[in-house]
Each structure stands twice: as C-alpha cells, then as structure tokens.
Number of protein chains: 2
Amino acid sequence: MPGLKLPRMTKQRRAILAALQGDTSHPTAEEIYLRVKRELPHISLATVYRNLRRLAEEGLVQEIPTPHGPARYDPTTRPHYHFLCDECGRVYDVRLAVQNRFHHELALQGFKVRAHEMMFYGLCPACNRQNAQS
Amino acid sequence: MPGLKLPRMTKQRRAILAALQGDTSHPTAEEIYLRVKRELPHISLATVYRNLRRLAEEGLVQEIPTPHGPARYDPTTRPHYHFLCDECGRVYDVRLAVQNRFHHELALQGFKVRAHEMMFYGLCPACNRQNAQS
DNA sequence: TTCAATGCAAAATTTTTGCACGCTA
DNA sequence: TAGCGTGCAAAAATTTTGCATTGAA
C-alpha cells in the first residue's frame with residue numbers, strides 16, 4: 001500500500017491547523033506564519049511552508065494557486081469553489097452545486113481524478129457595487 | 001469607457017502569439033521563450049513575461065496558475081477545462097460541458113464574473129495505465 | 001516624431017533546501 | 001533513543017522592474 005506515514009503532532013503543526021480552523025479568508029503562507037508567530041514566536045516561515053505542503057498532500061487543507069500572487073490555503077476539505085476578485089484580491093468561497101458527474105465523465109476518458117478546483121474571476125459584490133456607483 | 005489601448009504589433013508579440021497558436025501543450029513562459037528565441041535570438045525572458053501578461057489581460061491567452069510550478073499559457077480563449085497530472089505534470093485540455101449557468105447563479109449572489117477556470121488533479125490516461133500494470 | 005515596447009541586469013517575490021539540533025512517539 | 005520535524009540561513013525558482021535605447025505607428 002502506498003500510504004502516508006503518520007505525521008508527528010508537533011506544536012507547530014497543531015498551531016497551523018488551529019490557525020486555519022474556521023478561517024474562510026483563504027490566507028497565504030505568510031499570513032498564517034504571522035498569525036502562528038504570536039503563539040510560537042520562534043517558528044520559521046519554512047516550517048509553515050513545509051507543514052502546509054504536507055497537510056495539502058494529506059488532504060487536510062486545500063492549496064489554491066492564484067495568478068500573480070502567493071498560493072492560498074483553505075481548511076475546508078469538502079469540495080467547493082472559489083471566486084478571486086480582480087480588484088481587491090480577496091478569495092471567496094462560492095456556493096454552487098459541485099459537479100461530481102465530471103469525475104465520472106473523465107474516468108470514461110481514462111483519467112483518474114483525485115480532486116478538482118474551480119476558480120471564478122471578476123468583481124466581488126463589494127467591489128461591484130463601488131464600481132457601479134462611480 | 002475603460003478599453004485597453006491597442007498594443008503595438010512588435011515582432012516579439014507576433015512571434016509569441018504565433019508560438020502559441022495551435023499549441024495544446026500549455027507551455028510555461030520559459031518554454032515559450034526558448035521556442036521564440038529560435039526566431040528572435042535576442043528576445044529576453046522579461047519580454048515574454050510582459051507580453052504574456054498583456055495578452056492575458058486582453059483575453060487573447062489564458063494564464064493557468066499551477067501548484068508548485070510556473071504558470072502555463074493556453075491560446076484557447078473559449079471556455080474549457082484542464083487536467084494536471086500528479087505524476088508527469090502535463091496539462092491536458094478536457095472536454096466537458098462548460099457550465100455557463102454558474103455565471104448566472106453567481107450574478108444573483110452579487111458577483112460579476114469575467115471568466116472561470118476549472119482544474120482537475122489526478123492521473124492522466126498514460127500514467128494511470130502504467131500504475132495499473134506495475 | 002513619438003512614446004510604447006524592448007533588452008539587459010538587477011531586484012523582488014515566493015518557495016524550497018541543507019544542516020545541526022531538539023522533541024515526539 | 002531513534003529519527004522526524006524544526007530553525008536558521010542560504011539558495012532556488014519564478015516573476016517583475018529600472019533604465020537607456022529601439023522601432024512601430
């Protein structure tokens with residue numbers, strides 16, 4: 001069996017996981033680092049990156065690559081989609097029916113799908129309103 | 001009107017556009033650079049990046065951010081989806097019905113959608129077969 | 001003729017890695 | 001106590017920028 005070796009529950013890993021719990025802001029590694037640093041002042045950014053990568057491999061967090069900026073991290077493991085605002089750069093969770101049927105269709109084409117991600121680009125409600133006013 | 005100023009058709013821009021035409025391999029900026037360099041030996045990587053960014057803003061090419069690797073570029077402007085192989089790293093175009101209905105649903109939620117991108121992760125047909133055999 | 005676009009080099013940004021040491025299991 | 005995970009610093013990888021010059025319109 002392939003199987004990942006069980007990771008040690010270090011205080012750094014625990015703190016990173018805790019910092020992400022219930023967070024819907026899709027923070028970058030740097031933002032998570034600053035947050036966790038308040039509890040563990042000696043933690044290094046490299047450790048944050050190493051843990052986030054590991055957590056993503058384990059499927060405990062989702063890594064979201066973005067154009068022209070650092071990756072963002074999402075603690076929500078259940079499939080859902082994202083919206084990146086062209087103007088303010090914020091990433092939103094988006095409530096849309098997830099298309100599991102796609103996995104099946106791709107299986108028929110020979111692909112073995114592990115995960116998928118959808119990103120919408122445009123103006124978020126806040127920025128959209130502001131643009132309409134001016 | 002917002003409106004982009006018309007870009008000058010320099011030989012660099014023309015060559016980059018030409019290198020991308022009909023290409024379905026989703027090359028990186030570096031790969032495009034090496035390709036175009038054969039025609040224009042003095043072109044610089046910075047120029048390739050500047051042009052690709054401009055072309056993406058104009059909607060003439062699509063920029064595809066990927067986890068743990070450089071962005072990839074796709075000349076196909078009509079909406080379609082992608083598959084990134086965990087094993088070989090290749091990016092495939094994927095034939096699935098594009099969900100325009102999503103734009104409408106998001107509009108109801110206050111978002112103004114300009115574009116969207118879906119990325120599937122897993123094993124491509126070639127790598128899938130190899131793994132099954134061994 | 002004008003000024004947007006280029007080439008080059010340097011810098012900025014983001015992420016990864018080598019290594020000695022500390023801490024979890 | 002074994003060896004995984006850490007901190008630190010340095011490096012790698014990717015992308016952007018400053019500036020003098022070129023060339024498309």
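No hydrogens, no waters, no symmetry mates; every other heavy atom, side chains included, goes into these values. Each chain gets a letter, A, B and so on, in the order the sequences are listed, and its residues count up from 1.
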> Above 12 or not: heavy atoms from other molecules or residues under 6.0 Å from CD of A:Q109?
Replying inline: yes
>> So for atom CZ, which belongs to A:R114, do other residues, nucleotides or ligands contribute more than 12 heavy atoms lying within a distance under 6.0 Å?
In response: yes
> Among residues 30-50 of chain A, which residues get a heavy atom nearer than 4.0 Å to DNA chain D?
Replying inline: A:H42, A:I43, A:S44, A:A46, A:T47, A:R50
> In whole angstroms, how far is the P atom of C:dA4 from the CG atom of B:L6?
Replying inline: 13 Å
> In whole angstrom, what separates B:L55's CG from C:dA4's P?
Replying inline: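 To the nearest whole Å, that distance equals 18 Å.
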Salt-bridge present ([X], [Y]; N to O < 4.0 Å):
| X | Y | result |
| --- | --- | --- |
| B:E105 | B:R101 | yes |
| B:R13 | B:E58 | yes |
| B:R54 | B:E63 | no |

> For DNA chain D, which nucleotides open and close the run of contacts to chain A, 5' to 3', at under 4.0 angstrom from a non-hydrogen atom?
Replying inline: D:dG3 to D:dT16
> Given the rule in the side chain to side chain donor-acceptor pair (under 3.5 Å) test, do A:Y81 and A:H116 qualify, once you have shown the distances and angles that lead to the verdict?
Replying inline: CA-CA 9 Å; A:Y81 299 140; A:H116 77 281; 2.8 Å; yes
>> So if I take the C1' atoms of five pairs at each end of the helix from C:dT1-D:dA25 to C:dA25-D:dT1 and get each local axis, what angle do the two axes make, rounded to 10 degrees?
In response: 50°
>> Main chain of A:R14, side chain of A:T10: is a donor-acceptor contact present, judged purely on distance under 3.5 Å?
In response: no
> Do you know which two heavy atoms are closest between B:I43 and B:Q12, and how far apart they sit?
Replying inline: CD1-CG, 3.8 Å
> So, for A:L52 and A:L20, which heavy atoms are closest and what is the spacing to 0.1 Å?
Replying inline: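 Closest approach of A:L52 to A:L20, heavy atoms only: CD2-CD2, 4.0 Å.
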> Hey, does the side chain of B:R13 come within less than 4.0 Å of C:dT6's phosphate (OP1/OP2), counting only N and O?
Replying inline: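 For C:dT6, neither OP1 nor OP2 has a side-chain N or O of B:R13 closer than 4.0 Å.
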> Can you check whether B:H82 reaches B:I64 side chain to side chain, under 4.5 Å on heavy atoms?
Replying inline: yes
> Where along residues 64-73 of chain A does a heavy atom fall under 4.0 Å from DNA chain C?
Replying inline: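 Within residues 64-73 of chain A, the residues near DNA chain C are A:P70, A:A71.
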>> Apply the hydrophobic cluster definition, ILVMFWY joined by side-chain contacts under 4.5 Å directly or through others, and give me every member besides A:L108.
In response: none
> Base, backbone or nothing for each nucleotide of nucleotides 20-25 of chain C, written B, S, -, heavy atoms under 4.0 angstrom, 5' to 3'?
Replying inline: ---BBS
